[in-house]
Amino acid sequence: MVKVAPSILSANFAALADDVAAAEKAGADYIHVDVMDGHFVPNITFGPLAVKAIRPATSLPLDVHLMISNPDQYIQEFAHAGADIISVHVEACPHLHRTISYIKEHGVKAGVVLNPATPAESIRHVIEEVDLVLVMTVNPGFGGQAFIPGMLQKISQIRKMADDLGLDVEIEVDGGVNAETAVLCREAGANVLVAGSAVYGKNDLKDAISSIRGV
Ligand SMILES: O=C(CO)[C@H](O)[C@H](O)COP(=O)(O)O
Ligand SMILES: [Co+2]
């Protein structure tokens, strides 16, 4: 069964802890936290203090998506704040292998993220080191954007790469995921689906999460 990771980017920032707890109650598997620095992406959101503040609101893993330049500088703070998975962008890490090792040294699961223009091939030499590969299906920076269908081929390529190597790596998709695009992502081989507006934009979170999961 695929996992659903509601993104709190689309939650009510004045009631984040309540919205995190509501997603857990509605059947979420992870809580996706979008960290943006106004430099790597043209928007600013949360830092480690926000992660620390929401940590007690849920027992679900916090899936922290770092959209920041020089992520190495902040990995320790996010790990201490309570992140369970820390994912860094391939495009932000000149020494990606070292950054992945550094995340794991903190006892946290490590993920790598690919922007839409970044090929699947860019992670071939690190895929055996990571717990999760996140394929962006929008250009990062904002919630509520339209899914880019050309990314389905990339999801399939990464699924094949993982299967050929016999890896148990999670393949996560982020951006424009809703009940319709989720079907395509699942068919392409994704097993974790991030959804912001398609969860927090709905009145019935439980129904929204199950329609993305497909069961
Ligand atoms: O990383 C992200 C944006 O950079 C978000 O996780 C993503 O956009 C979720 O929002 P939506 O499901 O509304 O597209
Ligand atoms: Co994200």
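Read the numbers this way: they start at 1 and go in the same order the structure lists the ligands and their atoms. When reading the values below, keep in mind they use all heavy atoms of this one structure, side chains included, and skip hydrogens, waters and symmetry mates.
- The H32 neighbourhood of ligand 1 comprises atoms 6 (O), with distances under 4.0 Å to a heavy atom of that residue.
- A salt bridge does not link R98 to D72: none of the charged nitrogens lies less than 4.0 Å from a carboxylate oxygen.
- When only non-hydrogen protein atoms are considered, atom 10 (O) of ligand 1 lies nearest to G143 CA, 3.6 Å.
- When only interatomic distances are considered, the shortest N/O to N/O separation between H65 and ligand 1 falls below 3.5 Å.
- Atom numbering of ligand 1 starts at 1 in the shown order; those under 4.0 Å from a heavy atom of G175 are 14 (O).
- For ligand 1, the atoms lying closer than 4.0 Å to a non-hydrogen atom of D34 are 1 (O), 2 (C), 5 (C), 6 (O).
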Evaluate V133 against I127 for side chain to side chain contact (heavy atoms under 4.5 Å, CB included), listing each step before the verdict. CA-CA 8 Å; V133 178; I127 191 167; 4.2 Å; yes
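- Per-residue contacts place G141 under 4.0 angstrom from the following atoms of ligand 1 (heavy atoms of the residue considered): 3 (C), 4 (O).
- Considering backbone and side-chain N/O atoms, G144 comes within less than 3.5 Å of an N/O atom of ligand 1.
- Ring centroids of H65 and H32 are separated by less than 6.0 Å, placing the two rings close together.
- In terms of heavy-atom proximity, V173 sits nearest to A190 at CG2-CB, 3.5 Å.
- Angle subtended at the Co ion (ligand 2) by D174 OD2 and H32 NE2: 100°, rounded to 10 degrees.
- Residue contacts with ligand 1: A195 is placed with no nitrogen or oxygen under 3.5 Å of a nitrogen or oxygen of the ligand (distance criterion only).
- Side chain of K104 to backbone of E129: a donor-acceptor contact under 3.5 angstrom is found.
- Close contacts between ligand 1 and P140 involve ligand atoms 4 (O) [criterion: under 4.0 Å to a heavy atom].
- A side-chain N or O of E91 and one of T118 form a donor-acceptor pair less than 3.5 Å apart.
- Residue-level proximity to ligand 1 for S197 is carried by backbone and side chain together, each with a heavy atom below 4.0 angstrom.
- For R55 and D84, the salt-bridge test passes: some basic side-chain N is under 4.0 Å from an acidic carboxylate O.
- Ranking the protein heavy atoms by distance from atom 12 (O) of ligand 1 puts G196 N, 2.8 Å first.
- S69 and H39 share a side-chain donor-acceptor pair at under 3.5 Å.
- Applying the 4.0 Å criterion to heavy atoms of V194 picks out, from ligand 1, the atoms 6 (O).
- Of the listed options D174, L9, N178, D174 places a heavy atom closest to atom 9 (C) of ligand 1.
- One N or O on the side chain of T181 and one on the backbone of G176 form a donor-acceptor pair closer than 3.5 Å.
- Considering both main-chain and side-chain atoms, G176 comes within under 3.5 Å of ligand 1 through a nitrogen or oxygen pair.
- Here the Co ion (ligand 2) is the vertex; the OD1 atom in D34 and the ND1 atom in H65 give an angle of 90° (to 10°).
- Heavy atoms only, all atoms of each residue included: L114 and P119 are closest at CD2-O, 3.2 Å.
- Taking the six-membered ring where the residue is Trp, H106 and H80 present perpendicular rings, their angle passing 60° and hence far from 30°.
- Inclusion of F142 in the set of residues having an N or O under 3.5 Å from an N or O of ligand 1 is warranted.
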